[in-house]
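What follows is a set of notes on a single structure, which appears directly below.
FYI, side chains are in, hydrogens and waters are out, and symmetry mates aren't considered; it's all heavy atoms of this structure.
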Amino acid sequence: MSSLQLGMLVAILLVWLLTIIDIARSSRVDKDEKLMWIFACLALSWFCWILFYALAPLKKRFS
């Protein structure tokens, strides 16, 4: 594996991990929805990240 390939692999894994962290820290959805989005992200990778920002509720929830 060349250094370019290794760099690309690290970059892809970093973006994937940051996506999961971003979903976990989001205040746009509640706990159950976060879990569903994280599982979807693990299964569908970057496409789920796009769906999360397109479909997650835009308003904050009041408790």
Report task. Identify the heavy atoms of R25 and K34 that sit nearest to each other, and give their distance. Result -> C-NZ, 4.2 Å
**Report entry** Between CD1 on residue I12 and CG on residue L17, distance to nearest 0.5 Å
**Finding:** 13.5 Å
Query raised in the report: Roughly how far, to the nearest 0.5 Å, is CG of D32 from CH2 of W37?
Result: 14.5 Å
Query raised in the report: What are the two closest non-hydrogen atoms of T19 and V15, and how far apart are they?
Result: OG1-O, 2.8 Å
Report task. Evaluate whether atom CE of M8 has more than 12 neighbouring non-hydrogen atoms of other residues, nucleotides or ligands under 6.0 angstrom away. Result -> no
Query raised in the report: Would you say L9 and L13 make side-chain contact, with heavy atoms under 4.5 Å?
Result: yes
Query raised in the report: If you group Ile, Leu, Val, Met, Phe, Trp and Tyr by side-chain heavy-atom gaps below 4.5 Å, do I23 and L18 land in one group?
Result: no
Query - Sub-4.5 Å side-chain heavy-atom contact between L42 and W16 - result: yes
